[in-house]
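Supplied in structure tokens, the structure appears directly below.
Residue numbering restarts at 1 for every chain, and letters A, B, ... go by the order of the sequence lines.
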Amino acid sequence: MVQPLPVRLQETPSQTAGPYVHIGLIPLQAGFDIFETNFTNVLTGPDTAGERIRIEGRVFDGAGALVRDVLIEIWQANSAGRYNHPADRQESKPLDAGFRGWGRTGSDFETGVWSFETVKPGPIVGRKGHRPMAPHINLWIAARGINIGLQTRLYFADEASANADDPVLNLVERGQQRDSLLARREERDGKTVYVFDIYLQGPNETVFFDV
Amino acid sequence: MIHADSEFLQRDRSIHPPAFTPDYKTSVLRSPRRAMISLQSSLSEVTGPAFGHSELGPLDNDLILNYAREGEPIGERIFVHGHVRDENGRGIPHTLVEFWQANAGGRYRHRNDRYLAPIDPNFGGCGRTITDENGFYYFRTIKPGPYPWRNNLNSWRPAHIHFSVFGSGFAQRLITQMYFEGDPLIWRDPMVQGIPDRSAAERLIAPLDLGAAVPLDMLAYKFDIVLRGRQQTLFENKLQGN
Ligand SMILES: [Fe+2]
């Protein structure tokens, strides 16, 4: 016998968000208006500092079909690279009071396209002893057929030198796997759009993280 | 000590359904097949969004009234409450809890739900609340009905309420479903059966809580939720640089 360790609770098991996730989390897309305040895909306000960008993409299943009922949330630092959260103690960087850094949306039922209006995040301090993390946006994906929410990161393809030093990207095999985390930059009508398609399964499968 | 930016304990995936559960057919093509890459927590995982009471309306946690038009919705009135804690046993205060469900007949108010049971004109089927300073939450609603779904031809979901919970770090993000004690459909359900550990699945079944019932008004069910916990750091915190 040895001394017993303190008993921990066990996490509540995940269950799929199901086909009607929109009702609870984005009811306007389910087809009705119930809340006074709705959470949306617009992270920016009139005073948000930083480069305005739109990120958009589609999600594909293992047969290459569009997944048109997916819920996507993003969580990101502000344009200075600071998270709006008390655990982020990078005091040399300004907080942007009007910028929570979180958004939620669903893919379009017809086109499968999802998008967010946000700012490009700055680089973020890495774990102690590690290099800084390149600018990135954290994504969380839930849908019918997805039993536990999928976590991945969107990095910016035009940040090649920061990406080359990023401690997380460097855990990912070069080639298709690392490229699956890079959003490509496009200019459309004077707006900057980063395109990030997600492949749930198959030869182009996106890298997902066990965080 | 456990700091606000302490790393998360590694997720025990043996108590969650794996991505690929072929008896739940939709998972077949939507399940990643490659190994995930395990990450140590960085600031990106230990931080997450916070929500304030000002963002919620006064009826957001009352599904009996929050979509009532000409009258109240049909069905069994119930009170649902519980404690949101982390694996360390600490209550998680001020965190957003959202819920959605079918009506008493098993029909969702959703443009894609074509089940023949009728929409209830007085029932929306969604709500949200924020846990109190100790991590407790409650709301009232109508008990949802079971409903058929296209998996096998005669597949029926047990009555359930969907839950979405945040915690304080984005790595704690969780969506799950609450089932009702005594429902004979629970152990026939491929989503429940996808959980490899029966005792873990049992933790999704809310017991009838007569002690919290409102006499002559409504029954109560208690549904506690556990989110991931954080590592104890005995030395100075190592997460942030310099
Ligand atoms: Fe459901």
Side-chain angles (χ1 to χ4, degrees), chain A residues 8-25 27 30-32 34-37 61-63 67 75 83 85-89 100-102 124-128 130 133 136 138 140 142-150 168 171-172 200-201 205 207-211, chain B residues 4-5 15-17 19 21 26-27 29-34 36-40 42-49 55 57 66-67 85 87 89 98-100 108-113 124-126 162 164 170-171 173-177 191 194-195 200 203-204 225-226 228-229 238-241:
Chain A
R8 284 207 182 97
L9 302 176
Q10 282 194 309
E11 190 185 8
T12 298
S14 171
Q15 293 275 268
T16 180
Y20 308 124
V21 59
H22 316 84
I23 291 178
L25 305 188
F32 67 112
I34 186 166
F35 296 135
E36 290 167 35
T37 310
D61 73 11
V67 179
W75 169 242
Y83 285 104
H85 188 282
D88 188 330
R89 299 196 304 270
R100 173 155 52 196
W102 174 83
I124 299 145
V125 65
R127 287 171 56 87
K128 191 166 189 174
H130 289 263
M133 294 189 282
H136 66 277
N138 307 286
W140 186 77
R144 175 172 70 102
I146 294 178
N147 287 325
I148 180 165
L150 300 170
V168 169
L171 295 172
V172 181
L200 298 178
Q201 194 189 92
E205 189 173 310
V207 167
F208 298 103
F209 294 107
D210 191 10
V211 297
Chain B
D5 64 348
I15 57 108
H16 292 286
T21 49
T26 315
S27 77
L29 285 173
R30 295 185 171 193
S31 43
R33 298 299 165 86
R34 295 185 188 161
M36 283 184 285
I37 293 182
S38 294
L39 291 190
Q40 291 176 291
S42 72
L43 273 185
S44 298
E45 287 77 37
V46 301
T47 61
E55 297 179 89
N66 70 6
Y67 205 75
R85 288 176 293 175
E87 291 168 301
E98 299 163 286
F99 18 87
W100 67 99
Y108 282 97
R109 182 176 288 279
H110 191 290
R111 53 169 56 112
N112 296 342
D113 187 358
C126 62
H162 297 266
S164 159
F170 205 48
R173 193 80 181 81
L174 184 74
I175 281 182
T176 190
Q177 301 182 31
M191 294 177 193
I195 300 169
R203 287 187 280 110
L204 297 180
I225 297 168
V226 179
R228 295 171 63 190
K238 295 193 186 67
L239 185 58
Q240 285 171 65

(request) Using a cut-off of under 4.5 Å on heavy-atom pairs, state which of B/P17, B/G89, B/P49 scores highest against chain A. (result) B/P49
(request) Against chain B, label A/A142 side chain, backbone, both or neither, depending on which of its atoms sit under 4.5 Å from a heavy atom there. (result) side chain
(request) Measure the acute angle between the ring planes of A/Y20 and B/Y108, then classify it against the limits of 30° and 60° as parallel, tilted or perpendicular. (result) tilted
(message) Is A/V207 close to chain B through its backbone or its side chain, or both, or neither, when contacts mean heavy atoms under 4.5 Å?
(response)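 Only the side chain of A/V207 comes within 4.5 Å of chain B.
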(message) Counting C-beta onward and ignoring hydrogens, is there a side-chain heavy-atom pair between B/L29 and A/Q201 closer than 4.5 Å?
(response) yes
(message) Which atoms of A/Y83 are under 4.5 Å from chain B, going by heavy atoms: the side chain, the backbone, both sets, or neither?
(response) side chain
(message) Taking every non-hydrogen pair under 4.5 Å, which of B/M191, B/E55, B/H162 racks up the most with chain A?
(response) B/E55
(message) Is A/P19 close to chain B through its backbone or its side chain, or both, or neither, when contacts mean heavy atoms under 4.5 Å?
(response)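 A/P19 touches chain B through backbone heavy atoms alone.
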(message) Can you give me the closest heavy-atom contact between A/F32 and B/C126, atom names plus distance?
(response) CZ-SG, 4.0 Å
(request) Verify, without hydrogens or angle tests, whether B/T176 (side chain) and A/P13 (backbone) share a donor-acceptor contact under 3.5 angstrom. (result)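 Side chain of B/T176 to backbone of A/P13, a donor-acceptor pair under 3.5 Å: yes, one is there.
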(request) Indicate yes or no: at least one non-hydrogen side-chain atom of A/H22 is less than 4.5 angstrom from one of B/R111. (result)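 With C-beta onward as the side chain, the pair stays apart.
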(message) Out of B/R85, B/R173, B/E45, B/R33, return the one with the most heavy atom pairs under 4.5 angstrom to chain A.
(response)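 That would be B/R173.
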(request) Under 4.5 Å, counting heavy-atom pairs only, tell me which of B/I37, B/V46, B/N66, B/I15 racks up the most with chain A. (result) B/I37
(message) At a heavy-atom distance under 4.5 Å, which candidate from B/I225, B/T47, B/T26 has the highest pair count against chain A?
(response)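 Heavy-atom pair counts peak at B/T47.
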(request) With a 4.5 Å cut-off on heavy-atom pairs, point out which of A/L25, A/V168, A/L171 contacts chain B the most. (result)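 If we count pairs closer than 4.5 Å to chain B, A/L25 comes out on top.
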(request) Heavy-atom distances under 4.5 Å only: say whether B/A19 touches chain A with side chain, backbone, both or neither. (result)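 Only the backbone of B/A19 comes within 4.5 Å of chain A.
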(request) Flag the one option from A/E205, A/E36, A/R8 with the top tally of heavy-atom pairs under 4.5 Å to chain B. (result)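 Ranked by contacts with chain B, first place is A/E205.
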(request) Name the region of B/L204, side chain, backbone, both or neither, that has any atom closer than 4.5 Å to a heavy atom of chain A. (result)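 The side chain, not the backbone.
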(request) For residues B/W100 and A/P27, determine if any side-chain heavy atom of one lies less than 4.5 Å from a side-chain heavy atom of the other. (result) no
(message) With a 4.5 angstrom heavy-atom cut-off, is it the side chain or the backbone of B/T21 that approaches chain A, or both, or neither?
(response)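 Contact with chain A involves both backbone and side-chain atoms of B/T21.
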(message) Heavy-atom pairs under 4.5 Å with chain A: which of B/M36, B/E98, B/R228, B/R30 has the most?
(response) B/R30
(message) Using side-chain heavy atoms (C-beta onward) and a distance below 4.5 Å, is A/S14 in contact with B/I175?
(response) no
(request) May I have the step-by-step check of side-chain contact (heavy atoms from CB on, under 4.5 Å) for B/L174 and A/E11, ending in yes or no? (result) CA-CA 10 Å; B/L174 184 74; A/E11 190 185 8; 4.1 Å; yes
(message) Less than 4.5 Å to any heavy atom of chain A: does that hold for the side chain of B/I195, its backbone, both, or neither?
(response)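 Only the side chain of B/I195 comes within 4.5 Å of chain A.
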(message) Please check this pair: side chain of A/T12 against backbone of B/V226, looking for a donor-acceptor N/O pair closer than 3.5 Å.
(response) yes
(request) For A/T16 and B/Q177, work out which heavy atoms get closest and say how close. (result) O-NE2, 3.0 Å
